[in-house]
Each structure stands twice: as C-alpha cells, then as structure tokens.
Amino acid sequence: MTASNAILLGVNIDHVATLRQARGTRYPDPIQAAIEAEQAGAEGITLHLREDRRHIQERDVALLSNILLSKMNLEMAVTEEMLAIAEKYGPKDCCLVPERREELTTEGGLEVAGQLGRITEACARLKEAGIRVSLFIDADPYQVEAAAQAAAPVIEIHTGHFADAEDERSRQKEFQRIVEAVRQGREAGLQVNAGHGLNYQNVAAIAAIPEIVELNIGHAIIARALFTGMQAAVREMKRLMREARG
Ligand SMILES: CC(=O)[C@@H](O)[C@H](O)COP(=O)(O)O
Ligand SMILES: NCC(=O)COP(=O)(O)O
C-alpha cells in the first residue's frame with residue numbers, strides 16, 4: 001500500500017464522556033481514551049463539544065489540546081460561542097456540524113447551500129486562526145458544490161443514512177450517493193472524509209472507496225472497547241479499514 005492510498009482513522013471519544021456524565025463522576029476520562037486510541041494507532045481524535053454539554057466538556061478540549069500527539073478534530077455547531085472556543089484552543093481540524101438539542105445524535109448534514117454566506121464567514125474566521133475546516137454534509141451534490149464555494153478545504157460525508165438503511169436496496173442507493181459525492185468532492189479539489197454510524201460490519205464498504213482520506217468513527221469503537229479494551233477496539237477497526245483498502 002502506498003502512503004497516498006492509506007486511509008486514516010479519527011476516533012471519536014464522545015461516548016466515553018457520555019458514560020462519565022451519566023453519574024457526574026471523574027471517570028471514565030475521555031483523556032485516557034484518547035491516549036489509548038493514539039497508542040493503538042489512531043491518526044486523530046475527534047470530539048464534539050455540544051452546546052448542551054451532554055458529553056464532551058470544555059475541560060476535555062482544553063486538556064487534549066495540550067497532550068494529543070496525533071491531531072484534534074473538534075466538532076462543533078456554527079455559533080459564536082463555538083467559534084471563540086475553537087480560536088482559544090486552536091485544534092488542527094474543526095468539523096462544522098448541525099446541532100439540535102432534542103436530537104439523540106447528529107441527524108443530517110450541515111445546510112451549507114442554504115446559508116452559504118454564514119458558513120463562508122465561519123470558514124474564513126477559522127482559517128484565519130490557523131484551523132483546517134471540514135464541513136459535515138450529506139452526500140448531496142448541492143451541498144458538495146456549496147462546500148467548495150464556502151472555501152472549506154475538507155468535507156466529511158455523512159454516512160448515517162447508509163449505516164441506518166433498512167434493507168440492502170436502500171443501502172446500495174445510499175452507498176452510490178456517497179461514491180458520487182466523494183467523486184464530486186475530489187473533482188472540486190476537496191479532501192474527502194466520511195463518518196457517522198460506521199461500525200465493524202459496515203466500515204469495509206466505505207473504507208474501500210479509494211478517494212476517502214479519513215474515517216471518523218466513535219460510537220461503535222467505544223461500544224466494542226467496553227468488552228475488548230480501547231486499544232484492541234481501535235486496532236481491529238484499523239485492521240478492517242486497511243484490509244478494505246487493499
Ligand atoms: C457529526 C457526527 O456524526 C458525530 O461525530 C457527532 O459527534 C454525533 O453526535 P454524538 O457524538 O453526540 O452522537
Ligand atoms: N463525524 C462522525 C464521528 O465523529 C463519529 O460518529 P459515530 O461513529 O459516533 O456515529
């Protein structure tokens with residue numbers, strides 16, 4: 001495998017914090033999860049600082065900004081509060097995502113096309129702060145085009161509709177939408193990542209798409225880690241991704 005064909009894994013540690021917040025204890029600490037994930041070969045750590053602080057806390061962002069050896073990918077809504085926090089801690093990557101307090105998890109991609117001016121301003125502000133911006137979008141040609149217009153260097157294709165497909169026909173349809181969005185993103189000169197809902201059973205199909213640079217995966221890895229430990233869970237996901245890439 002040439003280096004250019006390698007696919008990277010960003011481990012999302014949100015749901016370690018979900019378990020911590022369930023009782024308001026100091027444990028389990030997402031910091032330890034991040035260190036273990038890096039030791040197992042994760043090329044990045046993703047964390048979603050939500051407005052409602054249901055899991056990741058600003059304290060987690062502050063500590064990880066000082067100790068990560070790989071890179072931080074800070075997921076956040078497009079708000080003044082979050083933009084200021086990103087400027088304060090200076091993550092390598094910022095992934096702009098939609099947020100609704102009542103949502104169980106991220107439901108869809110960011111509406112870039114319908115708020116192009118606002119997203120463009122946010123991208124420029126983060127770029128000015130030395131942060132690489134990724135836009136979390138649906139596999140939708142209008143959103144891919146709008147992301148390029150907003151001058152974001154990276155897009156992350158939302159794979160949740162693929163992961164949640166109720167039957168094989170629907171899954172294949174969603175997969176083809178993802179393949180087309182990846183192709184369009186590359187033609188527009190964007191780095192293309194993917195994530196949401198990926199697990200040990202469905203990751204191979206997405207990892208096999210050669211133009212995808214990075215997968216951000218969290219819930220399934222943390223769930224597996226409950227039984228195998230964090231390092232084994234991360235190593236197994238990386239093995240599946242590597243095998244799929246060939
Ligand atoms: C944007 C995305 O798909 C996830 O990374 C996001 O973090 C999901 O939100 P929760 O982690 O709160 O489920
Ligand atoms: N952006 C996707 C991500 O970081 C992890 O999503 P999930 O694997 O927890 O669904």
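For ligands, and for the atoms within them, numbers begin at 1 and follow the listed sequence.
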> Under 3.5 Å between some N or O of ligand 1 and some N or O of Asp14?
Replying inline: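 In this structure, Asp14 places an N or O atom under 3.5 Å from an N or O of ligand 1.
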
> Got a sec, which hydrophobics cluster with Val154, joining ILVMFWY side chains under 4.5 Å apart, including via others?
Replying inline: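 Its cluster partners, ordered by chain and number, are none at all.
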
[atom]: which protein heavy atom is closest, and how many Å away?
{"atom": "atom 3 (O) of ligand 1", "answer": "His196 ND1, 2.5 Å"}
{"atom": "atom 6 (O) of ligand 2", "answer": "His196 CA, 3.6 Å"}
{"atom": "atom 8 (O) of ligand 2", "answer": "Gly218 N, 2.7 Å"}
{"atom": "atom 4 (O) of ligand 2", "answer": "Asn12 ND2, 2.9 Å"}

>> Could you report the tightest heavy-atom contact between Ala17 and Ile56, atom names first, then the distance?
In response: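 Of all heavy-atom pairs spanning Ala17 and Ile56, the closest is CB-N, 3.7 Å.
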
> Do Asn66 side-chain atoms and Leu63 backbone N/O form a donor-acceptor pair below 3.5 Å?
Replying inline: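 Such a contact is absent between Asn66 side chain and Leu63 backbone.
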
>> Has Gln143 got a side-chain atom pairing as donor or acceptor with Asp138's backbone, closer than 3.5 angstrom?
In response: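 No; zero donor-acceptor contacts below 3.5 Å.
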
> For Glu156, is the nearest heavy atom under 4.0 Å from an atom of ligand 1?
Replying inline: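 Flag not set, Glu156 not near ligand 1.
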
Geometric N/O contact [X] with ligand 2, under 3.5 angstrom:
{"X": "Thr46", "answer": "no"}
{"X": "His219", "answer": "yes"}
{"X": "Gly197", "answer": "yes"}

> Which bit of Asn216 is near ligand 2, meaning a heavy atom under 4.0 Å away: side chain, backbone, both or neither?
Replying inline: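 Both backbone and side chain of Asn216 come within 4.0 Å of ligand 2.
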
> Is it the side chain (CB and beyond), the backbone, both or neither of Glu156 that lies under 4.0 Å from ligand 2, heavy atoms counted?
Replying inline: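 Looking at Glu156 and ligand 2, just side chain atoms fall under 4.0 Å.
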
>> Using the rule salt bridge (Lys or Arg N to Asp or Glu O under 4.0 Å), only one of Arg20, Arg50, Arg26 pairs with Asp60; which is it?
In response: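 Filter result, single survivor: Arg20.
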
> Between Ile67 and Tyr89, is there a shared hydrophobic cluster once you connect ILVMFWY residues whose side-chain heavy atoms come closer than 4.5 Å?
Replying inline: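 In one cluster with Ile67: Tyr89, yes.
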
> Among the heavy atoms of Glu75, does any lie under 4.0 Å from an atom of ligand 2?
Replying inline: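 It does, in that a heavy atom of Glu75 comes within the 4.0 Å cut-off of ligand 2.
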
Per-atom contacts, ligand 1 versus [X] - under 4.0 Å to a heavy atom:
{"X": "Thr105", "value": "8 (C), 9 (O), 10 (P), 13 (O)"}
{"X": "Asn12", "value": "5 (O), 7 (O)"}
{"X": "Val97", "value": "1 (C)"}

> Under 30°, 30 to 60°, or over 60°: which ring-plane class applies to Phe136 and His158, parallel, tilted or perpendicular?
Replying inline: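 Tilted: the ring planes of Phe136 and His158 meet at 30° to 60°.
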
> Parallel, tilted or perpendicular for His55 and His15, by the 30°/60° rule?
Replying inline: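 His55 and His15: perpendicular rings.
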
> Which option out of Glu103, His55, His48, Glu75 puts a heavy atom nearest to atom 4 (C) of ligand 1?
Replying inline: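 It is Glu75 whose heavy atom sits nearest to atom 4 (C) of ligand 1.
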
>> Please work out, at 4.0 Å between heavy atoms, whether the side chain, the backbone, both, or neither of Arg50 comes within that distance of ligand 1.
In response: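 Looking at Arg50 and ligand 1, just side chain atoms fall under 4.0 Å.
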
> How long is the gap from CD1 on Ile13 to CG on Leu64, to the nearest 0.5 Å?
Replying inline: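 Nearest 0.5 Å value for the CD1-CG distance: 5.0 Å.
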
> Only one of Glu214, Arg132, Arg186 forms a side-chain hydrogen bond (donor to acceptor under 3.5 Å, both in side chains) with Gln191, so which one is it?
Replying inline: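 With Gln191 as partner, Glu214, Arg132, Arg186 yield a single side-chain hydrogen bond (donor to acceptor under 3.5 Å, both in side chains), made by Arg132.
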
>> With ring pair (Phe, Tyr, Trp, His ring centres under 6.0 Å) as the rule and sequence neighbours excluded, what pairs involving residues 107-132 come up?
In response: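 Those involving residues 107-132 do not exist here.
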
